[in-house]
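Notes to accompany the following structure.
Computed from a predicted structure; not experimentally measured.
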Amino acid sequence: MVNVNLGAGIVLALVAMVSYGLWAFFSGLATRTIPPETAAVLSYLIGGFVALGYLLSRGLPLVPSAQGTLFAVIARLPFGLAGVPFHSR
């Protein structure tokens, strides 16, 4: 049996939903004045810093396994490939 805290899951889902909505909104504004490729790169760089800051603030270890690292890189590839067309809309 899996112990799931539904309240925390709902809060996290709402934060993710609002965050993605804000990302889409501000990405649209950004591409009015800079090229979509530049907007995508800047967006991903800042997102990486935010994620790293979160990990460091939580004291989580930055020692991934080789297999976990491979899967994380593979997972990021389609996300990155989808970024430029998304910013180009």
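When all heavy atoms of T31 and P36 are compared, the closest pair comes out as CG2-CA, 3.9 Å.
In this structure R58 satisfies the side chain to side chain contact (heavy atoms under 4.5 Å, CB included) test together with Y54, L60, sequence neighbours excluded. In this structure, the side chain to side chain contact (heavy atoms under 4.5 Å, CB included) partners of L70, at least two apart in sequence or on a different chain, are I74. Judged as a side chain to side chain contact (heavy atoms under 4.5 Å, CB included), and not counting sequence neighbours, the contacts of L22 are V18, F26. With sequence neighbours excluded, the residues satisfying side chain to side chain contact (heavy atoms under 4.5 Å, CB included) with I10 are L14.
Chaining together hydrophobic side chains whose heavy atoms lie under 4.5 Å apart places V41 alongside L45. Listed by chain and number, the hydrophobic cluster partners of V73 come to none, as no ILVMFWY side chain reaches under 4.5 Å of it. Cluster note: L81 groups with no other residue, as no ILVMFWY side-chain heavy atom lies under 4.5 Å from it.
Counting only residues at least two apart or on different chains, the ring-ring contact (aromatic ring centres under 6.0 Å, His included) pairs with a member in residues 28-47 are Y44-F79. The stretch residues 66-86 participates, sequence neighbours left out, in no side chain to side chain donor-acceptor pair (under 3.5 Å) pair at all.
The structure places CE of M17 at 12.5 Å from CG of L12, a figure rounded to the nearest 0.5 Å.
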